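Below is one structure, written out as structure tokens, with a few remarks after it.
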Amino acid sequence: MSETAAASHSERPHGKSRSRSLAGRHVRRDYIVGICLLLVVVFLWTSSNFLTQGLFDDGFEKPFLITYLSTSSFALYLLPYAIRKVFRKDLGNADAQHGRGHHGYQPLAAEADISTILTPSSPQTLHGNEQAVDDTLVPLTSRETARLAAWFCLLWFIANWSLNASLDYTSVASATILSSMSGFFTLGIGRIFRVESLTTIKIVTVITSFGGVLLVSLSDTAKALPADPSASVHVTNNGIRLSPLFGDTLALLSALFYALYVILLKVKIRSESRIDMQLFFGFVGLFSIVATWPIGVVLHLTGLERFELPHTNKTIAALLINMAITLSSDFIYVIAMLKTTPLVVTVGLSLTMPLAVIGDFVLKKPVKLQVILGAAVVLLSFVAVGLEDSRNEEEPDLISGRPLEEEGSSAVQLVDEPPAERA
């Protein structure tokens with residue numbers, strides 16, 4: 001009897017190490033998939049930036065209308081959700097009529113394995129096993145998804161509108177530099193909510209990435225500045241004079257709200273298995289249609305942005321393509337963020353600059369050495385933060401001196417659930 005117990009006891013560490021090895025593979029696979037999805041988003045967003053810039057160059061300077069139409073397109077995701085729900089209802093009725101689905105044992109979704117219940121929790125099992133987290137986190141209900149979508153819609157709309165509007169009041173260089181400050185906001189806010197560990201490498205990569213953006217943006221500053229400083233003042237239809245400082249403030253506001261909504265999603269969702277993405281983005285589009293149109297009325301009455309429909313086929317085509325890009329890219333972007341971390345996707349979006357440099361080469365446009373150097377710095381910063389963030393829960397934090405996985409008891413609650421009782 002004692003030999004059997006000793007043998008079973010000796011087999012437990014091997015089982016745990018195998019489980020951790022499988023969990024590590026799952027996390028690494030998800031991380032690689034997230035990076036690949038992020039690269040797709042970078043390509044789509046770069047294309048969208050070119051389209052938006054083309055709309056402004058054609059005289060269609062309507063940042064609110066562009067943002068409103070793009071965000072409202074998310075409501076299309078409610079169509080497949082509604083069709084799927086109706087199909088399931090009809091299938092359930094058919095099964096009920098034929099008497100199927102009532103024979104045999106059917107486990108409840110809330111049932112847990114007995115070994116999971118009896119095994120005491122540890123920091124390693126709580127944070128190191130991503131698959132276990134996916135299995136134990138309760139999926140969001142439709143009401144919870146709608147509530148989260150309402151908050152996301154507000155933050156997302158402000159972030160995108162303020163960035164688009166800043167391009168109408170300040171230079172592209174200033175707007176790009178200030179909006180890239182989101183890396184600092186994301187790292188700081190992420191540390192508060194325990195989704196980002198504060199390490200030396202992360203701080204250095206965020207700073208170097210910002211430096212790369214600075215090099216690229218300042219390369220166009222000389223030709224962007226007007227000879228007469230008063231010429232940079234924007235005058236609305238009602239005669240209101242707005243200096244470039246107003247546009248700079250909007251760009252900085254965009255960086256702050258971008259960091260807020262990206263951290264909000266990571267804190268409240270954690271894993272894409274918890275939420276129906278189509279339902280979530282469908283609610284975002286619906287709330288945008290219903291709740292944000294009064295902003296357009298205020299902008300129209302104050303003269304900041306007169307409501308006008310597109311008047312050329314080229315403008316209409318550009319708007320439709322931009323809506324299609326937003327419809328797909330933001331969906332992919334949220335999944336990429338959930339599979340990686342907010343800081344990785346924030347720094348990763350700066351890759352639009354190296355991609356834009358490649359686009360200039362393809363279009364045979366002149367590219368300065370300063371731009372190439374800045375793009376290279378951004379690319380290297382992304383690689384560095386990606387390697388560092390893949391060990392996000394293992395690296396000791398500069399403030400606490402402990403890895404994130406050892407701060408489980410003191411971490412901010414990420415879901416609206418009562419804490420588990422400990423023995």
Side-chain angles (χ1 to χ4, degrees), residues 20-21 23-42 123-124 126-130 133 180-215 255 258-259 262-263 265-267 270-272 333-355 373-408 410-412 414:
R20 291 175 184 174
S21 176
R25 293 177 187 175
H26 174 80
V27 172
R28 285 193 296 271
R29 185 178 68 249
D30 266 6
Y31 196 86
I32 294 174
V33 171
I35 294 295
C36 294
L37 292 176
L38 178 61
L39 296 178
V40 174
V41 173
V42 168
Q124 287 76 17
L126 285 175
H127 297 278
N129 192 335
E130 186 70 19
V133 171
S180 66
M181 292 287 291
S182 57
F184 296 98
F185 290 126
T186 301
L187 184 58
I189 300 175
R191 176 59 185 85
I192 295 174
F193 286 94
R194 306 295 199 276
V195 295
E196 293 288 355
S197 59
L198 194 63
T199 65
T200 303
I201 295 180
K202 287 184 179 180
I203 295 175
V204 171
T205 53
V206 169
I207 294 175
T208 54
S209 176
F210 178 75
V213 174
L214 197 65
L215 285 174
Y258 169 86
V262 112
I263 296 297
L265 292 183
K266 188 68 173 181
V267 167
R270 296 192 66 185
S271 172
E272 67 271 19
Y333 163 77
V334 172
I335 297 178
M337 185 272 297
L338 293 175
K339 289 183 177 294
T340 57
T341 66
L343 185 61
V344 167
V345 295
T346 301
V347 176
L349 292 180
S350 299
L351 293 178
T352 54
M353 291 195 164
L355 187 60
L373 179 61
V377 170
V378 170
L379 181 60
L380 292 175
S381 300
F382 172 71
V383 174
V385 78
L387 293 175
E388 173 71 6
D389 232 34
S390 63
R391 303 176 298 171
N392 189 45
E393 295 173 350
E394 302 173 3
E395 292 297 309
D397 185 82
L398 289 178
I399 298 178
S400 65
R402 298 178 299 167
L404 281 181
E405 63 181 13
E406 295 182 5
E407 298 184 25
S410 60
V412 177
L414 299 180

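Just so it is clear, the model here is predicted, and its values are computed rather than measured. Values below: all heavy atoms of this structure, side chains included; hydrogens, waters and symmetry mates excluded.
- For the side-chain contact (heavy atoms from CB on, under 4.5 Å) criterion with Thr186, the lone passing option out of Ile263, Val206, Val195 is Ile263.
- Annotation for Ala259 and Phe185: closest pair CB-CB, 3.4 Å, computed over non-hydrogen atoms.
- A distance of 6.5 Å separates CG in Leu187 from CD in Glu196, rounded to the nearest 0.5 Å.
- Classification of the Tyr333-Tyr258 ring pair by plane angle, with boundaries at 30° and 60°, yields tilted.
- Taken from CG in Leu265 to CD1 in Ile335, the straight-line distance is 12.0 Å, to the nearest 0.5 Å.
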For this session: Could you walk me through whether Thr199 and Glu388 pass the side-chain hydrogen bond (donor to acceptor under 3.5 Å, both in side chains) test, one step at a time?
Result: CA-CA 9 Å; Thr199 65; Glu388 173 71 6; 3.1 Å; yes
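- For the residue pair Val345 and Met337, the shortest heavy atom distance occurs at CG1-CA, 3.6 Å.
- Contact of the Val344 side chain with the Ile35 side chain is registered, since non-hydrogen atoms from C-beta on lie closer than 4.5 Å.
- In this structure, CG on Leu338 lies 5.5 Å from NZ on Lys266, to the nearest 0.5 angstrom.
- The distance from the CD1 atom of Ile189 to the CG atom of Leu343 is 12.0 Å, given to the nearest 0.5 Å.
- Of all non-hydrogen atoms in Ser182 and Thr346, the two that sit nearest each other are OG-CG2, 3.5 Å.
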Using residues 374-387 as the side-chain source, report each donor-acceptor pair under 3.5 Å to any protein atom, sequence neighbours left out, with the distance given to one decimal.
from, atom 1, to, atom 2, distance (Å)
Ser381, OG, Thr208, OG1, 2.8
Ser381, OG, Ser209, N, 3.3
Ser381, OG, Val377, O, 2.8

